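Below is one structure, written out as structure tokens; comments come after it.
So that the names make sense, note that chain A is the first sequence line, chain B the second, and so on, each numbered from 1. All heavy atoms count here, side chains included; hydrogens, waters and symmetry mates do not. Just so we're clear, the structure is a prediction, and the values are computed from it rather than from any experiment.
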Protein chains: 2
Amino acid sequence: MIESTPVRTGRPGPCVSTPPPHPRPDGQDRYTISEVSAWTGLTAHTLRWYERIGLMPHVDRSHTGQRRFTNRDLDWLAFVGKLRLTGMPVADMVRYAELVREGEHTFEARQELLKATRRDVRARIAELQDTLAVLDHKIDFYAGARRAPERTT
Amino acid sequence: MIESTPVRTGRPGPCVSTPPPHPRPDGQDRYTISEVSAWTGLTAHTLRWYERIGLMPHVDRSHTGQRRFTNRDLDWLAFVGKLRLTGMPVADMVRYAELVREGEHTFEARQELLKATRRDVRARIAELQDTLAVLDHKIDFYAGARRAPERTT
DNA sequence: TAGGACCTTGGAGTGCACTCCAGGCAAGCC
DNA sequence: GGCTTGCCTGGAGTGCACTCCAAGGTCCTA
């Protein structure tokens, strides 16, 4: 799990209120794959797979060809983790990553994609709250049935 | 929130307050698999598969061996659909179905299972709301960047 | 009583998101 | 130099939740 702190910022401020704390400051941020694996909770396999399918925005390499991830990569992975939580298919995340690679002229397309995702997330939350009502109801039923078993049919 | 019927019955009555409207009243409820497929949105394949893995509480058969689903089956499938929305693995739903088959002495176990599910759902909603905040923030960023592109770095 | 739509079964196939493997390179330590 | 640990690659394997297939039986309408 990436997120340990579910800090809810009720109103999004102009700048990030809780930036993800990086293990090392910018300048000394050259993480090996296993460090990133530990930080993100993703396996090294998955990180390599993400790169292969185009979900990472170009990862640096050491002089011997080993991956060296930066703080920007960690930020990206944290964001990808959020998108993953929404249930977005990996293919769509790759699409977003492509837009990022293509440069600033894709801002509008990116915003549209995120807006669509936001709609999906809102719908999903509504669904879950609906389900929550059903669960509450059933749990109440079992509570009542256990208090007064003779009334149960 | 998009709650259509968040009707919370503080005390669980013997019957649901807003019962899912069945296509036919009790007594004439002998649906073929394709009728159930149309009503639930699940394919006939999936319905048969549900039965095979033990997720259905014994489906009736016609004298020639064809499935005849009842209103109770529709209710069960609607509930299973809710559980599915929560992301609960099918194996866990099968576990719940087993408890139901075992009779009333499993009320406590069933309630525990549902309470655990409720915890999961609440956590999931919190995660999604967290993600929503991130999405809002990014969308705002793109909106700002598009209004004032010269400020974008 | 013929035709077509619908139903049955066991088992095989699909798509997604990983997950692992084999074989090999490289760096650090005694 | 030998050993261990970590990393590399392409490709194969896994688990889940369906999804489909082939071969055949059933139901309904004309």
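In this entry the distance linking CD1 of I53(B) with C1' of dG15(D) reads 14 Å, nearest Å. Rounded to an integer number of Å, the gap from Q66(B) CD to dA5(C) C1' is 11 Å. Between L47(A) atom CG and dA17(C) atom P there is a gap of 16 Å when expressed in whole angstrom units. Distance CD (E35(B)) to P (dC6(C)): 11 Å, rounded to an integer number of Å. To the nearest angstrom, P of dC27(D) lies 13 Å from CZ of R61(B). In this structure, W49(A) atom CH2 and dT14(D) atom C1' are separated by 13 Å, rounded to whole Å. For D92(A) and dC16(C), the CG to C1' distance is 13 Å, given to the nearest whole Å. Across the protein-nucleic acid pair, L85(A) atom CG and dA17(C) atom P stand 14 Å apart, rounded to whole Å.
Checking T70(A) against D73(A) by side-chain atom types alone, a donor-acceptor pair falls below 3.5 Å.
Taking every side-chain heavy atom of V90(A) into account, dA17(C) is the closest of dA17(C), dA17(D), dG6(D). Closest to the side chain of S34(B), out of dC18(D), dC8(D), dC6(C), is dC6(C). Nearest nucleotide to the H45(B) side chain, out of dC20(D), dC18(D), dC18(C): dC20(D). Set against dC8(D), dT8(C), dA17(C), the side chain of R67(B) has dT8(C) as its closest nucleotide. Among the nucleotides dC27(D), dG10(C), dA26(C), the one closest to the side chain of R52(B) is dG10(C). Side-chain atoms of R84(A) lie closest to dC18(C) of the nucleotides dC7(D), dT8(C), dC18(C).
Within 4.0 Å of R68(B), counting heavy atoms only, lies no atom of the nucleic acid at all. Note on R48(B): a base of the nucleic acid sits closer than 4.0 angstrom, heavy atoms only. Note on S62(B): nothing from the nucleic acid sits closer than 4.0 angstrom, heavy atoms only.
When each of T46(B) and T32(A) is assigned the nucleotide of DNA chain D bearing its nearest heavy atom, the one mapping closer to the 5' terminus is T32(A).
In this structure, R72(A) places its CZ atom where only 12 or fewer heavy-atom neighbours from other residues, nucleotides or ligands lie under 6.0 Å away.
Ring pair Y96(A)/W76(A) is parallel by interplanar angle, where below 30° counts as parallel and above 60° as perpendicular.
Looking at R24(A), R30(A), R67(A) one by one, the single match for salt bridge (Lys or Arg N to Asp or Glu O under 4.0 Å) with E35(A) turns out to be R24(A).
Here H63(B) reaches the OP1 or OP2 of dC27(D): one of its side-chain N or O atoms lies under 4.0 Å away. Listed pair Y50(B) / dC18(D) meets the phosphate criterion, a side-chain N or O lying under 4.0 Å from OP1 or OP2.
With values rounded to the nearest 0.5 angstrom, L114(A) atom CG is found 11.0 Å from R119(A) atom CZ.
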